[in-house]
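The structure under discussion appears below in the form of structure tokens.
Computed from heavy atoms alone, side chains included, the values below leave out hydrogens, waters and symmetry copies.
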Amino acid sequence: MDNTFPRSSPSSLLLLLFILSVLFLDALVIPAADISTTTTTSQRASSALYDCNQCIGKQDISTTTLLRNNYPHHQKEEDIDIIAAYSDAYGHVQLARLKMSHLSHSWIWENPTTHATNSTSSSQDLIEHNPNHETILKTPRSSTMTPVKIKRRIMREERRKTRASELMQQDKETDNHIISAAIQRSEGFDITVKGKYSIWRREYENPNSGSTLKLMRDQIIMAKAYANIAKSNNKPLLYDALVKHSRESQQAIGEATNDFELHLGALDRAKAMGHVLSMAKDQLYDCLLVARKLRAMLQSTENSVNILKKRSAFLIQLAAKTVPRPLHCLPLQLAADYYLQDYHKKPSFDKEKIEDPSLHHYAIFSDNVLATSVVVNSTVQNAKEPEKHVFHIVTDKLNFAAMRMWFLINPPSKATIEVQNIDDFKWLNSSYCSVLRQLESARIKEYYFKANHPSSLSVGSDNLKYRNPKYLSMLNHLRFYLPEVYPKLNKILFLDDDIVVQKDLSPLWSIDLRGMVNGAVETCKESFHRFDKYLNFSNPLISNNFSPEACGWAYGMNVFDLKEWKKQNITGIYHRWQDMNDDRTLWKLGTLPPGLITFYNLTYPLDRGWHVLGLGYDPALNLTEIENAAVIHYNGNYKPWLNLAVSKYKSYWSRYVMFDNQYLRLCNLSE
């Protein structure tokens, strides 16, 4: 049946009046949005009323409640039949029949009796908040904003507030992170720099703080150049003036490192020197002649610097390896009383604990009584269960009596000590040990004892440290024979005598080495301490078997799995490479290069907090890392028992020295 009617037809006007009268008698339905579809079926008209997905299922305002308030005679909303009249796109009137349940929540029910009273409501009154801070929607009857739009506005406001609170929280977290990072970084600054007003980083120093000092030093250089030219040109007055002002400027500078340390009147001296230099320039200036003179002065200065470097290297090595008088006195006094007071007749230590593999065993190979006592004392004092710790000390024949005497009269609390003489190891001979066989060769003897050897001091200082007598001692190479020295142990912790223990080391015995033999802290940082720094990669034996970028590690605190050691035949690997290095072309002397080779791909990296190195050569270490480390290592020439020691590191070692001991007082050993 065709439902369209021409606009000018009288019958269509009558039909329209009839429909309007019916609607005013029952109810007036006003759609909240234009209906764009032209279908006349009840199903399509119903679906068109739901104009958005968010409107479905959301009770912004209860249509049923409004219906029951205005039309109480209806019992069920599915019983309500609604006839909707609307105009299509061509202006024709269309009719649609649908049920109450088909309506969307975006439709508004109006009661003609209350329409006039609500006509003054504004859009600002659509939202209110109850005491429980819940948003309540007020829907005016004649408002142009539908409940859906109002609800969307509420949701937008809530999202905006939520996002604002999230951004504020992120800003607070960022500020806290920046503050904590700044605090951590400031803790790492070394504020002990003396003679400078800026105690922070170098780039924050005043760039003009040494401008006057630099000017005066440059003036002295130019004065020396012009003085030589004046002397050659027979100008004695100008020569004397230049020499005099140069001497006065040098006295004004003294040992100053910046302008603040200059003597009073230094600026006046600089002005006077500038006046004399101006006169010299007017009388003697010749560009080629001055350049030639400065070049000669530069070459002479470089030669002087090289000579001083060689002397400095020799003196540092000499001071580092020369035994101070108090340290020489201590073993002599101990050895004398060891025999005079019959301590040599006392029985040995508890053998049951010495061979018990369930205890924590340490190996220390040293001829320094005082240094060994610090290692033992620091380990025991920081141990939670000192009765489980056993120390195996091996020394040479010369210091055996003194070492044993010390620990007999100063036994550590509850710990067990064993002192052995390396000469008692009869299996350690030249027929078995490659190093002993090499040390007996004429070539090694000539290297160490011939002053005219090509590697002597007159050539350079690169090989100077390898002429150290410690490389002739088997105590330094005994670390490669641990299973032979301690055949009944399964795991042992090797300690150097220049370390200090600051924490309990018991957890090291519970670390799983995952099939590796050696547990050590790696020392490679960027390009430092990698294999190419220790081995000669120009030799094909090295370059074909090892990577130059492989990370090095440190001796000083090492966990060794002796069962895996025997299984991998580590000592045999060491002997094979030591024999191939008979002419010292693979590496120079020492124990670290053969250790890197022997334990290649057999080293388990420990956490860096276990072992901090460099206290014997680097004065710029982070003090926080030192204090938090389990073991600190004075590797280098500046040992803590020498006057060369870095002063700010010495207290970590001296706190474990028994300065009240009678033998230390007798030998004038004090803090």
Side-chain angles (χ1 to χ4, degrees), residues 184 187-192 320 327 360 362-366 368-384 386 389 391 393 412 415 470 476 479 492-509 511 518-525 528-529 551-560 591-592 595 603 605-659 671:
Q184 291 179 359
E187 291 176 351
F189 289 148
D190 185 4
I191 61 175
T192 60
L327 291 182
H360 303 328
Y362 301 84
I364 306 173
F365 306 148
S366 173
N368 190 327
V369 176
L370 185 63
T372 305
S373 69
V374 170
V375 176
V376 175
N377 291 341
S378 62
T379 306
V380 173
Q381 291 183 26
N382 291 284
K384 295 181 179 179
H389 296 261
F391 295 89
I393 301 172
K470 77 175 185 179
N476 202 38
R479 64 193 67 187
I492 197 167
L493 183 63
F494 173 79
L495 297 177
D496 270 342
D497 61 358
D498 55 352
I499 64 101
V500 174
V501 179
Q502 301 185 127
K503 293 183 180 180
D504 182 30
L505 300 182
S506 299
L508 287 173
W509 271 266
I511 293 179
N518 175 26
V521 172
E522 293 182 338
T523 57
C524 54
K525 296 179 180 179
F528 300 102
H529 298 291
C551 187
W553 45 269
Y555 270 123
M557 191 213 71
N558 306 82
V559 183
F560 290 109
T591 56
L592 182 56
T603 301
L606 300 177
D607 186 87
R608 292 183 182 272
W610 283 109
H611 190 189
V612 171
L613 300 101
L615 280 75
Y617 67 89
D618 188 358
L621 293 177
N622 190 319
L623 296 180
T624 303
E625 292 184 0
I626 294 175
E627 293 172 356
N628 295 333
V631 173
I632 55 176
H633 195 171
Y634 292 84
N635 57 313
N637 289 325
Y638 305 144
K639 301 299 183 184
W641 53 83
L642 301 176
N643 293 331
L644 294 174
V646 181
S647 58
K648 62 181 179 180
Y649 300 153
K650 195 169 184 178
S651 61
Y652 298 107
W653 182 84
S654 60
R655 68 182 62 167
Y656 296 104
V657 179
M658 303 169 59
F659 289 106
E671 296 187 51

To the nearest 0.5 Å, tell me how far N377 CG sits from M658 CE.
6.0 Å

For the CH2 atom of W653 and the CD1 atom of I632, what is their distance to the nearest 0.5 Å?
11.5 Å

For the backbone of F560 and the side chain of N518, can you confirm whether one donor and one acceptor N or O come within less than 3.5 Å of each other?
no

Rounded to the nearest 0.5 Å, the NE2 atom of H389 sits from the CG atom of L505 at a distance of 7.5 Å

Do Y652 and S378 have side-chain heavy atoms sitting under 4.5 Å apart?
no

Look only at the side chain of D496 and the backbone of D498, and say whether a donor-acceptor pair between them is shorter than 3.5 Å.
no

Where D504 and A383 come nearest, the two heavy atoms and their spacing:
OD1-CA, 3.5 Å

List the residues meeting side chain to side chain donor-acceptor pair (under 3.5 Å) with K503, not counting sequence neighbours, and say none if there are none.
none

Between D497 and K639, is there a side-chain N and carboxylate O pair less than 4.0 Å apart?
no

Could you go through W641 and V657, starting from their C-alpha distance and side-chain angles, then the distance that decides it, and tell me whether this counts as side-chain contact (heavy atoms from CB on, under 4.5 Å)?
CA-CA 10 Å; W641 53 83; V657 179; over 6 Å; no

Gap separating the CG atom of L621 from the OH atom of Y649, nearest 0.5 angstrom:
3.5 Å

Side chains of N476 and Y555: donor-acceptor distance under 3.5 Å anywhere?
no

Carefully, step by step, assess R479 and N558 under the rule side-chain contact (heavy atoms from CB on, under 4.5 Å).
CA-CA 10 Å; R479 64 193 67 187; N558 306 82; over 6 Å; no

Nearest 0.5 Å, what's the NZ-OH distance between K650 and Y638?
14.0 Å

For the NE2 atom of H633 and the NE2 atom of H611, what is their distance to the nearest 0.5 Å?
5.0 Å

Using modelled atom types and a 3.5 Å cut-off, is there a donor and acceptor pairing between side-chain atoms of Q502 and backbone atoms of I626?
yes

So which heavy atom on V501 is nearest to which on Y656, and how close?
O-OH, 3.7 Å

Shortest non-hydrogen contact between L613 and A554, atoms and distance:
CD2-CB, 3.3 Å

What are the two closest non-hydrogen atoms of R608 and C524, and how far apart are they?
NH2-O, 3.3 Å

If I compare all heavy atoms of C551 with all of T523, which pair ends up nearest, and what's the gap?
SG-N, 4.3 Å

Closest approach of E625 to V612 (non-hydrogen atoms, all atoms of both residues):
O-CG2, 3.8 Å

